[in-house]
Amino acid sequence: MTKKRFLTGITTTGTPHLGNYVGAIRPAIAASQNPDAESFFFLADLHALIKCHEPERIHQSTKEIAATWLALGLDPEKVVFYRQSDVPEITELCWILTCQSAKGLLNRAHAYKAAVDANVAEGQDPDYAITMGLFSYPVLMAADILMFNATHVPVGKDQTQHLEMARDIAQRFNHRFGETFVLPETVVQENGEVLLGLDGRKMSKSYNNTIPLFLAEKQLQKHINKIKTNLLEPGEPKDPDDSTVFQIWKAFATPEQTEDMRRKFAEGIAWGQAKKELFELINSEISAARERYEDLMSRPADVEAILQAGAAKARDRAKPFLAKVRKAVGLYPLG
Ligand code: TRP
C-alpha cells in the first residue's frame, strides 16, 4: 500500500487565530505525527498576492504563520514545510496546467463568480477589478497539489470546489498525455471544529471577529472578555448550546471539563467567571507554545533557514516529477 500523502497550504495574508488553530493547525500537526502518512505543508504566498496588495502584510504574515506552526510542534524533519514561492517548479507546472484548463470550468469558480456578481449588483462592469490571478486561482492550487501527487488534501468547506477542479484538470491531463497525476481526495474539516468568533459568527478574518492565537496573556484575557453574551445575571441558568463562550470552551476542554462547565451554566455561572475560566483553559494549552513563538519571531533568520531547507526537500521531489510532466507534453532536450 502506498503511503497517504497529505498536503495543505495556508494563504499568508493574516495572523493565525484561535479558529485557525482549532479548525486546521491543531488537527494537521496531530495528523503529521502519524508515521503511516507523509505531510506537506506550505505557505501559499503566491495565493496571497491575489487578494492582498500590501507587501508588508504578506511578509509579516509569512513570518507569523511559519513561527506559529513551528512553535506548535510541527517537526520540519518529519514533514515537508516550505514556502510556495521558493519552489519555482510549481509556477511552471501552473502554466502547463493552465493550458489544459477549460475556461468554462474556471468561469464557474465560486470566488470569481461572487466577484462578478458583486460588480453586476453594483452596476459596475462585470470585470471591474478582477485580475487574471483571481480567475486562475484554482489552477495554481491544482499545481500545488498535483506537483507532489498528494492523495489527501485537508481544507475548509469553501475550498471543496477547488479540489474538484484540481481533479478535473488532472484527469484531463492524464487522458490526453497518459497517467501522470494522482487524483487527490478532499478531506473536509468536521463541522464541530468551526470555532465561533467574538460576535457569535464563524471566527474569520473577514468578519473581523477573531482572537489571535498568540496574544500576550493580558490581551488574550481582554479579547475573551469581549465575546458577546446575553444579559442574564449571575445565578440565572444559562443555555450552553446558545453560548459562544461554551462553544469555545468545548474546543479546548476534555469531555469531563465540558460536562463540568455545562453543569455550571445550569447553575447560573456569571459570564465574567465563565470567561475567566475560559481564559485559563486556553492559556494553559498554548502558553508554552507562545514562548516558543516569541522566541522564533525574535530570530527570523533561523525560521528562514528552516524554510530554505524545506524548499530544498520540496524541490528534490518537484524537479524529477516536473521533468516527467514536461516530457509528457513535448518539452524535452533534443537528440
Ligand atoms: N486556497 C487555500 C485556502 O484559501 C490555500 C491553498 C493554496 C491550498 N493552495 C492549496 C490548500 C493547496 C490546499 C491545497 O484555504
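Values below: all heavy atoms of this structure, side chains included; hydrogens, waters and symmetry mates excluded. One-based numbering, in listed order, for ligands and for the atoms of each. On a predicted model such as this, the values are computed, not experimentally measured, just so you know.
When non-hydrogen atoms are compared, ligand 1 lies under 4.0 Å from the side chain of I145 (C-beta onward) but not from its backbone. Counting heavy atoms closer than 4.0 Å to ligand 1, residue D158 contributes nothing at all. Contact annotation for L140 and ligand 1: no heavy atom of the residue comes within less than 4.0 Å of the ligand. Residue contacts with ligand 1, taken as heavy atom pairs separated by less than 4.0 Å, do not involve F6 at all.
Contact detail for V303 and A66: the closest heavy-atom pair is CG1-CB, 3.7 Å. Between I286 and L213, the closest heavy-atom pair is CD1-O, 3.2 Å.
The OG1 atom of T11 lies 7.0 Å from the NZ atom of K205; values are rounded to the nearest 0.5 Å.
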- Item | F265 and W271: CA distance, side-chain angles, deciding distance, ring-ring contact (aromatic ring centres under 6.0 Å, His included) verdict | CA-CA 9 Å; F265 266 63; W271 286 122; 5.6 Å; yes
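If you number the atoms of ligand 1 from 1 as listed, the ones under 4.0 Å from a heavy atom of T11 come out as 3 (C), 4 (O), 5 (C). Interface of V153 with ligand 1, defined as ligand atoms under 4.0 Å from a residue heavy atom, comprises 13 (C), 14 (C). Atoms of ligand 1 lying under 4.0 Å from at least one heavy atom of V155, given by number and element, are 11 (C), 13 (C).
Annotation: cation-pi pair R315/Y82 absent, no NZ/CZ under 6.0 Å from the ring centroid and within 45° of its normal.
In terms of modelled atom types and a separation under 3.5 Å, the side chain of T151 and the main chain of R5 share a donor-acceptor contact. In this structure a side-chain-to-backbone donor-acceptor pair under 3.5 Å is present from K238 to E233. In this structure a side-chain-to-backbone donor-acceptor pair under 3.5 Å is missing from N225 to G272.
Counting protein heavy atoms only, atom 11 (C) of ligand 1 is closest to G9 N, 3.4 Å. The protein heavy atom nearest to atom 2 (C) of ligand 1 is Q159 OE1, 3.3 Å. In terms of protein heavy-atom proximity, atom 9 (N) of ligand 1 is nearest to D144 OD2, 2.7 Å.
Residue contacts with ligand 1: Y137 is placed with a nitrogen or oxygen under 3.5 Å of a nitrogen or oxygen of the ligand (distance criterion only). In terms of polar-atom proximity, defined here as any N/O pair under 3.5 Å, T8 makes no such contact with ligand 1.
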